[in-house]
Every structure is written in structure tokens, then in C-alpha cells.
Amino acid sequence: MDMKKSRKRDMGTIGKLTPSQSYTYNNIKVPAKCSKERAESYFNDEDFMPPRMVTVEPVSDCNLKCIMCPTHLTEKPKSFLELKIFKKIVDEAKEFQDFFVFQGTGEPLLNPELFDMIKYAKENGIKNISVSTNGTLLSDSKVNKLLASETSPDFLQISIDGHSKELFEKYRKGASFNKVYAGLKRLYNKRKELGLEGSIEISINTLLSNELDLDAFINLWGKYVDDITIGPMLEQAAQKNKDQEYLLNFQKTSKEGYISCPKPFEILTVLANGKITHCQHDFHNIHIKGDMNKGDTLLKTWRSPQYNNFRKKHIEFNAEKTSCNGCEHMYRIKNQDLLFEARQQIKEYFSE
């Protein structure tokens, strides 16, 4: 295996390999996914501390119909984020963000203005820019843009599932295994050829299904990336998917394993329609907290009474009384040991 460069951030191989635990703050039990720093701010500060991460949804449409994703099942209108709205996001977010992520319910590379957005963000001091893609559009021209200094994100995360061509194309409906594999290889080799290993970091995000052979997955894809992150394949909130293969293979959660969610305390999202939400996986426009088309700003929305009442439910272990009702991301999976063992296995591969 090629020598890997030093990674820019904690990801799957060097993140937490054991479950986070709920804790007590000022005699109040706080869910595990709310950090102590955020809890202190929530209880003590007049203005809740700014979000750590800002995510933007360049487009709410996708070129795939993956069996574990609700995007193609939603009635959410298909739209592209307008460049003028994006510039408003950048102009405000540059003052406080730590990470800036192009991600949402669609495929970012479908937006023809994506690289103009990245260029504007970089010119205006945005830090740690990440693009999440399904890898189907890694053509020569896109690869060149991803590697060009003025339009290159700091991180490119490619969502890939399946340790074989058959499984990949079963989960990633509409994608060609050969095309995605060749595109990833092209990107990795071109980066190496140009000596840009220290610029853009390439990683894979995959989901732990009940039929994943992790050894085979790592050996198939790992040689062309710097890291792999892995999370559970969960039933999504308001998921309408009846695909039997999906229903058989997603991870079950335990209602006794409530951990809440970090998004209400750390992440702010602007959807392709300009509306502000707390969740980049707002497939059905049900978590709306503000609207940039109507003059709402990021921090005004973030600190609004509506948002704080929403956080209050989460921190009181009552998130199911909010629009998050039904979302499995608030709970631990029943076979969580399998997930942490998988993360340890990935860490060992990239540490060799």
C-alpha cells in the first residue's frame, strides 16, 4: 500500500472508537452527542455559541436512486442553490465556521455553479471546505477542477457501498461500478502525478449493512483513498422505501440507547431552496427554522427562540416530540460493537 499523507482532520480511522456516554452537567443529565462545551454554552450563555459546521445543499436532486436513500422518494421540489444566496452564506459563515460542507439530499456535482461556489468560498476565507459526492461524475474535466488550486476543496468524500460490482450496483441504483472505480482511480493518480497529496484529501464514506464484507471493501477501494469512514445503515426519518433488500440489511437501533444528535448543537444547514434547517438530511423539508430568501441570517436563526426550544427538547431526552420523531440517528444501533470493531479495522489498515 502507498504511504498515506498526514490527515487534516479526525475522520473514521482516528475518531472515537468507543461509544460516547451521557453525562451530568450541573445535576442535569445531558445526552451523549451534546458536547460539554456546547452544554455549558446552552445553559449559561445569553447567545448560544455559533455552529461548528455549516453545510450547504447545492442541489436537491440526484442522478441515483440508492435503496437506502429517501431522496428519490420525497416530494421535495428539485432545485439548485442560487449563487447569490450562497454568497450571503459565505459572507456570514466566514466569521465563525470551522468546517464548511457541500452536502445534502442531492448530488453536489450536478450544480453547474459548484466550482464557482468553491472559488468564492476560498477567496473569502472559508476554512476546511468539503464536498460529498456519489462519485459518478468524476470525469476528466471534473477531476481537473477538483485539483485546481482555485476550485479544489480541502476534502472530497465519496459515498460508496458494496465490496463487489454486484453489491455496489444493487445499493447504488443507477451507478456504474466500472465508471465510479475508474473515476476514483483517475482522481487519485492525477493527484499523485501533480504532487498534490497535501492539498485535497480523498476519503470514502460507507454504511455498515448486514452483508458487507469489510475486508473485501477495504482491499477493493482503500488503495485509492486516504481514509474510510463507516457508519450504520439506518432507517431514515419518514423513510418510504419498501425495498426488501434494504429492509433486511439496515441496522436496528435500541430505544433504550438514546444519544440524541449533535446537529441541533453543532451544525447549521442551508438547503438548495435557501431555507435554513438543522439537518443536512432534511429529505422532506420538515425541519425548517428560517429562510434566507426572506432576509433571515444564519446566526439570527441559530439563536432564535424557535431553535432554542427545539434544542431544549433534545437536551431533555424528548427529541421525539420534535420534527425529529422517527429518526434513528438519535439511538445507538443494537450491534454497536460490530461498528466500533469495523472502525478499528479501518484504522489498522491505514496505519500500516
Side-chain angles (χ1 to χ4, degrees), residues 11-12 15-20 22 31-34 53 55 57 62 64-74 76 101 103-106 132 134 157-163 167-168 170-173 204-214 217 228-267 269 277-287 314 317 319-320 322-343 346:
M11 295 182 67
K16 289 183 178 179
L17 297 175
T18 56
S20 54
S22 298
K33 288 297 183 74
C34 178
M53 180 186 297
T55 69
E57 181 184 68
C62 191
L64 300 183
K65 294 183 177 180
C66 302
I67 65 174
M68 62 285 187
C69 178
T71 295
H72 65 285
L73 303 170
T74 181
K76 184 177 178 178
V101 182
Q103 182 185 25
T105 62
S132 179
N134 60 33
Q157 187 171 68
I158 306 172
S159 296
I160 291 175
D161 293 283
H163 57 265
L167 276 180
F168 174 87
K170 181 174 98 170
Y171 281 96
R172 297 270 158 186
K173 285 192 174 179
I204 283 174
N205 181 60
T206 194
L207 298 175
L208 181 63
S209 72
N210 292 331
E211 56 184 343
L212 176 67
D213 182 332
L214 188 57
F217 184 91
I228 295 172
T229 64
I230 187 167
M233 182 177 287
L234 297 174
E235 176 75 295
Q236 296 283 358
Q239 170 71 282
K240 301 176 183 178
N241 199 343
K242 303 303 179 186
D243 188 290
Q244 292 303 308
E245 290 292 336
Y246 167 73
L247 295 175
L248 283 172
N249 287 296
F250 73 79
Q251 303 296 306
K252 306 293 185 181
T253 56
S254 169
K255 298 302 180 185
E256 290 72 43
Y258 182 88
I259 53 175
S260 187
C261 177
K263 295 182 180 70
F265 304 94
E266 296 194 354
I267 303 173
T269 294
T277 174
H278 73 270
C279 184
Q280 69 266 44
H281 298 131
D282 192 353
F283 295 100
H284 306 283
N285 278 343
I286 60 175
H287 305 304
H314 271 265
F317 293 76
E320 286 193 340
T322 73
S323 57
C324 296
N325 183 39
C327 181
E328 298 294 331
H329 287 274
M330 295 186 295
Y331 304 97
R332 299 192 193 282
I333 62 172
K334 291 181 179 178
N335 57 346
Q336 63 175 341
D337 288 345
L338 187 63
L339 177 62
F340 293 113
E341 288 169 5
R343 289 176 177 166
I346 293 169

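Hydrogens, waters and symmetry mates play no part in the numbers below; they use all other heavy atoms, side chains included.
Summarising the geometry, atom SG belonging to C62 is positioned 10.0 Å from atom NE2 belonging to H72; distances are rounded to the nearest 0.5 Å. Here L214 contributes atom CG and H163 contributes atom NE2; the two are 10.5 Å apart, rounded to the nearest 0.5 Å. Here the CG-CD distance, from N335 to E341, works out to 9.5 Å after rounding to the nearest 0.5 Å. Atom OG of S132 and atom CD1 of I158 lie 9.5 Å apart (nearest 0.5 Å). Taken to the nearest 0.5 Å, the CD atom of Q157 stands 12.5 Å off from the CG atom of N134. Expressed to the nearest 0.5 Å, how far OG1 of T253 lies from CD of Q336 amounts to 11.5 Å.
Heavy atoms only, all atoms of each residue included: M233 and N249 are closest at SD-O, 4.2 Å. Residues T74 and F283 share a closest heavy-atom pair of OG1-O, 2.7 Å. Contact between M68 and P70 at its shortest, heavy atoms only, is O-CD, 4.0 Å. Contact detail for D161 and R172: the closest heavy-atom pair is OD2-NH2, 2.7 Å. Listed here is the closest heavy atom pair of I230 and A342: CD1-CB, 4.1 Å. Here the closest heavy-atom approach between residue G162 and residue F217 is recorded as O-CD1, 3.4 Å.
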Legend entry - Derivation and outcome, side chain to side chain contact (heavy atoms under 4.5 Å, CB included), residues Q103 and H281: CA-CA 9 Å; Q103 182 185 25; H281 298 131; 4.0 Å; yes
Inset, instruction - Let me see the working for T229 and N205 under side-chain hydrogen bond (donor to acceptor under 3.5 Å, both in side chains), right down to the final yes or no. - result: CA-CA 5 Å; T229 64; N205 181 60; 2.7 Å; yes
Legend entry - Stepwise side chain to side chain contact (heavy atoms under 4.5 Å, CB included) check, M330 with E320: CA-CA 9 Å; M330 295 186 295; E320 286 193 340; 3.9 Å; yes
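In this structure, the side chain of E57 does not engage the main chain of Q280 through any donor-acceptor pair within 3.5 Å. For T71 (side chain) and T105 (main-chain N/O), a donor-acceptor pair under 3.5 Å exists by modelled atom type.
Using a 3.5 Å distance cut-off with no hydrogens or angles, the side chains of T55 and T269 do pair a donor with an acceptor.
Applying the side chain to side chain donor-acceptor pair (under 3.5 Å) rule to N285 yields no partners; only residues at least two apart in sequence or on another chain are considered. For H278, the ring-ring contact (aromatic ring centres under 6.0 Å, His included) partners two or more places apart in sequence, or in a different chain, are H287, F310.
Counting non-hydrogen atoms of other residues, nucleotides and ligands closer than 6.0 Å to NZ of K170 gives a total above 12.
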If you look only at distance, which donor and acceptor atoms sit under 3.5 Å apart when one is on a side chain in residues 255-267 and the other is two or more places apart or in another chain?
| from | atom 1 | to | atom 2 | distance (Å) |
| --- | --- | --- | --- | --- |
| E256 | OE1 | S254 | OG | 3.1 |
| Y258 | OH | H314 | O | 3.1 |
| S260 | OG | H314 | ND1 | 3.0 |

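Residues F340 and T18 form no side-chain contact, since every pair of their non-hydrogen atoms from C-beta on lies 4.5 Å or further apart. The shortest distance between side-chain heavy atoms of P31 and F317 falls below 4.5 Å.
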